[in-house]
Amino acid sequence: MIGQLVQSLVDALSAGATLGLAALAIGLVFGVIRLANFAQAEIITASAYCLIFAWGLGWYIAIPLSILVAIAMSLLMEFAVFSRMRSANPATLLIASFGLSFLLQRVYELMFSNNVRTAPVASGLAQTVEFAGIRIQLLSVATIVIAGVLLLGLNWFLTRTSQGLQLKAAAADFRTARLVGIPAGRVIALSFALSGILAAAVAFVLTVQSGAVGPTFGVQITILALVGAVIGGIDKISGSLAGGFLVGFVTSLLATWLPQEMSNFKDAYVFVLVIGVLLFKPSGLLIKGRGVART
Amino acid sequence: MTERIEVAEPTATSAPRGLWYRLGPIWSLVSLLVIVYFVTLINSFLGESVQVQLQYALVNLIIVVALQIFIGTSGVLSFGHVAFVAVGAWTVGLLTIDPELKRNLLPDLFPFLFDLNAPWLIAVLIGGVVGGLLALVVSPVLMRLNGLQAGIATFALLGVVNQVLTYWSSVGPRSGQSMVGIPDVLNLQTTMLFAMAAIVAAWLFQRTRPSRLLRAAREDGIAAASSGINVVSQRIIVFAVSGIVAGVAGGLFALTNRVVQSSQLNIELTFVTLAMLVLGGMLSLSGAVIGTLVFSLVDVLLVRLQNGLEIGAYVVTVPQGARAIILGLILVGMLLFRPSGITGGREFVWPFRKDRPLPGMPPTNES
């Protein structure tokens, strides 16, 4: 019983960590240009395809390549599409990112067909280890470690480097940040690049988990990440992270502990929870006060 | 935000021009109906497969009109309308499938649902009522939210409804299965009449008090609230009305598709219908109609091109799969270069009239 409890907690932590990273990637960009980038899903998918196709060449090639592809796609989206719609409101930007997501999915379909592509990516992580009578998936531990390292690194970057501080300032109040001379274009590009790195990490975890990648690979997690980011408080970088973590954590626990006939509805419970949170804290759990997010 | 809010009634002294101003909105309605009629007429000559595609397009048209009633009037994003479409489709499925068949196909239903049956027209109307009721029930919660939060909350509603319909076998098929045996009663002409009725209803509704008040609130929420408009309650009314239209569209979808399954009434349909609305311009009814028709006609054309279209001595083909990419490119390009859509958020007006501001009104400014 205790073993099961610990096991489910570790799983929930790792699910929360993955979703937290995905939500953070959305929140980073949103903080700066008010874009909830749904096409983040296709960055994750591209990075995952890259892992699958390049894994045969060795992990030391596949993993850096997948990160590069994610960063490149992220920057490309910014320069080709979003940089041209700076004056649009968040709702229009969200629809534009939906459109881009739909478009890229079809491109993947044409390039790689509708069938999933498979490869044993980091299959060593897929096994379970037994530790003091508790069976734990190695991948769950690896996910938590990856997320921890990335978050520490990001925190260091945002608080200790000049570039990072500029990004943080821009996320807090873009207009004022520009007034004090922070270069807008560079900060925006930086936020897209960072979100690309986070997307690559999410892609790695998901690819190891499933070993199969299709055109809509990244959609499910991005939807949940978007939901998480909004209920946590997409206006604040930490809010997105916490919201994403919360949604992943709760969903995973519900999946484990609800009886079979009820666990079918686990997403429905989460969504009801989401509506409830939005009703009482429309700007997000981590944002003080009841005010509506500035848009 | 370009639409002129009609506040000043034309005075008797400016009768000739005033008459045009009175007729202007009617022209916008008539021209839309004529366009729908001709598109239906022309395309029904192109063969059986196009007819089927066109019927789906007309059903989508009604969904887009429902979206426009809410999104266009309130300026609030909704990803949740397909939930009302879904319950409308479910209702019609449950009411029109033969009771014997229902007993065999859907054994877990609530017992009272087995013998419930209605002619298809009544069933469609009941579908509308159910859609409207669902919208009414959830609206006090959802209508308080704005912007991105509203988008996420309505999306969450879609998620809940979709999961309930997928897994709750007391009101539908077991998970992974679909409702079959819906009678083949709907033809293209009837669907066209429904689409026209939806357009007329939306047009009439634009002229009512809740719609006008909400459009005022869309333009300037703070000014509207300080003029005594209760934005939330106006939104609730408008949301319920658009829920009714979406429910009817769902019923027609069930009769067109003849198979109802929750996976078809989810994100994909939400996205496609929203894309149509954005393409046309979400602030006007004309935008909803034009967006849907243009999107659907391009789709019809691309399907023909995929199968190879003969133009004179040449056969033009596009590769399989290119169709969706082209549709996606059109949408993204539209958002980049003309974010307010084909119609720019305006209604059609009598073609000979230049769009001049009314006397005493400030000139409309583009934003």
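Here is how names work: the chains are called A, B, and so on, in the same order as the sequence lines, proteins then strands, and each is numbered from 1.
- Neither the backbone nor the side chain of B/Ile326 comes within less than 4.5 Å of any heavy atom in chain A.
- Against chain B, no residue from residues 236-247 of chain A qualifies, as none has a non-hydrogen atom under 4.5 angstrom away.
- Of the atoms belonging to A/Ala36, it is side-chain heavy atoms, and not backbone ones, that fall under 4.5 Å from chain B.
- The shortest distance between side-chain heavy atoms of B/Ile325 and A/Gln105 does not fall below 4.5 Å.
- Inter-residue side-chain proximity for A/Val274 and B/Phe155 is flagged as unmet; no heavy-atom pair is nearer than 4.5 Å.
- Here the closest non-hydrogen pair linking B/Val160 and A/Ala268 is CG2-O, 3.6 Å.
- For chain B, the nearby part of A/Leu94 is the side chain; its heavy atoms alone come within less than 4.5 Å.
- Contact detail for B/Ala156 and A/Ile275: the closest heavy-atom pair is CB-CG1, 3.7 Å.
- Annotation: maximal heavy-atom pairing with chain A below 4.5 Å, among B/Thr154, B/Val161, B/Leu77, occurs at B/Leu77.
- For B/Tyr167, the parts sitting under 4.5 Å from any heavy atom of chain A are the backbone and the side chain alike.
- Counting only heavy atoms from C-beta outward, the side chains of A/Phe271 and B/Gln163 never approach each other to under 4.5 Å.
- Applying a 4.5 Å heavy-atom cutoff, the residues of residues 213-228 of chain A that approach chain B are A/Ile223, A/Leu226, A/Val227.
- Contact of A/Ala229 with chain B is not made at all, since no heavy-atom distance falls under 4.5 Å.
- For an aromatic pair to be called close, the ring centres must be under 6.0 Å apart, and A/Phe98 with B/Phe79 satisfies this.
- With a 4.5 angstrom heavy-atom cutoff, B/Ala153 touches chain A via backbone and side-chain atoms both.
- Minimum heavy-atom separation, A/Ile95 to B/Val278: CG2-CG2, 3.7 Å.
- Within the 4.5 Å cutoff, no side-chain heavy atoms of A/Leu279 are placed close to those of B/Leu145.
- Heavy atoms of B/Leu142 lying under 4.5 Å from chain A belong exclusively to its side chain.
- Across all non-hydrogen atoms, the minimal contact from A/Met85 to B/Leu336 is CG-CD2, 3.8 Å.
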